[in-house]
Amino acid sequence: SSAPRTDSYHNYFVRELVEDIKHSVCKVSPKDTAGQLEMESKAYDLPDKTQISLASERFSVPELMFNPSPLACGFKPLQDLVFDSVSKCDPDIRQTLFQSTIIAGGGSLVPGFVDRVTAEIKGIAQFTKGKTIASPNADERRYAAWI
């Protein structure tokens, strides 16, 4: 007989499942189109063979990074966090920092994320040229924040 599952194992499994759903079916909407996209439904097979269908959830969950709900007390939009961080740096290097943004971490793997972050930062920082750097290698980008 197998050992009983612990709460920590269950929590780990749920987190891994949510990560897989996020990377498999979620998508970040382009700037200025949030809530206006055609909500094509996508199916996802759960480990117990149950199939769930996700439509608006595919976009609404990642959208929380850019437009936190009023219920998310104290959370700021990602672009505001970037702006606040750069604004705390020496004024002489702020423009350079805004123009050379490196994107890393597991959330950056959601399709459309890099383009949306680039558009949001350009909008808030008011610059016309610059580049956002994101490794095409998924594992490298996922773990780059820890290297």
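This is a predicted model, so every value here is computed, not measured. As a basis for the values below, the full set of heavy atoms in this structure was taken, side chains included, without hydrogen atoms, waters or symmetry mates.
Annotation: side chain of Asp45 is not in contact with side chain of Ile52 (no heavy-atom distance under 4.5 Å). You'll find the side chain of Pro68 stays beyond 4.5 Å of the side chain of Lys76, heavy atoms only. Tyr12 has its side chain out of reach of Asp7: every pair of non-hydrogen atoms, C-beta onward, lies at least 4.5 Å apart. By the 4.5 Å heavy-atom criterion applied to side chains, Val28 and Pro111 are not counted as neighbours. Counting heavy atoms from C-beta outward, Ile21 and Leu54 have side chains that approach closer than 4.5 Å. Residues Pro30 and Asp115 fail the side-chain proximity criterion, which asks for heavy atoms closer than 4.5 Å. Side-chain contact check for Phe113 versus Met65: some heavy-atom pair is nearer than 4.5 Å. Side-chain contact check for Pro77 versus Phe66: every heavy-atom pair is 4.5 Å or farther apart.
Atoms NZ and SG, on Lys42 and Cys26 in that order, are 10.0 Å from each other to the nearest 0.5 Å. With rounding to the nearest 0.5 angstrom, the CZ atom of Phe75 is 10.0 Å from the CG atom of Leu81. Interatomic distance, Ser56 OG to Glu40 CD, rounded to the nearest 0.5 Å: 13.0 Å. For the atom pair OG of Ser87 and CG of Asp80, the computed distance is 10.0 Å after rounding to the nearest 0.5 Å. Taking OG of Ser60 as the start and CG of Asn67 as the end, the distance is 12.0 Å to the nearest 0.5 Å. To the nearest 0.5 Å, atoms OG (Ser108) and CZ (Arg116) are separated by 15.0 Å.
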Self-check item: Stepwise side chain to side chain contact (heavy atoms under 4.5 Å, CB included) check, Asn11 with Thr6
Solution: CA-CA 9 Å; Asn11 292 340; Thr6 63; over 6 Å; no

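Taking the six-membered ring where tryptophan is involved, the planes of Phe13 and Tyr9 are essentially parallel, since the angle between them stays under 30° and well short of 60°.
Using a 4.5 Å cut-off between side-chain heavy atoms of Ile, Leu, Val, Met, Phe, Trp and Tyr, with links allowed through other members, Val117 and Val61 fall into different hydrophobic clusters. In this structure, Leu109 is not a member of the same hydrophobic cluster as Tyr44, with clusters built from ILVMFWY side-chain heavy atoms closer than 4.5 Å. Under the 4.5 Å side-chain heavy-atom criterion for Ile, Leu, Val, Met, Phe, Trp and Tyr, Val25 and Phe59 are members of distinct hydrophobic clusters. Put simply, Ile124 and Ile103 are part of the same group of oily side chains (I, L, V, M, F, W, Y) that touch within less than 4.5 Å, one to the next. Tracing side-chain contacts under 4.5 Å through hydrophobic residues (I, L, V, M, F, W, Y), one reaches Ile93 starting from Val86; they form part of the same cluster.
Screening residues 14-29 for salt bridge (Lys or Arg N to Asp or Glu O under 4.0 Å), with sequence neighbours left out, gives Glu19-Lys22.
The side-chain hydrogen bond (donor to acceptor under 3.5 Å, both in side chains) check on Asp92 picks up nothing, with sequence neighbours excluded. Not counting sequence neighbours, the partners of Pro91 by the side chain to side chain contact (heavy atoms under 4.5 Å, CB included) test are Arg94.
Without hydrogens or angle criteria, His23 side chain to Val18 main chain gives no donor-acceptor distance under 3.5 Å.
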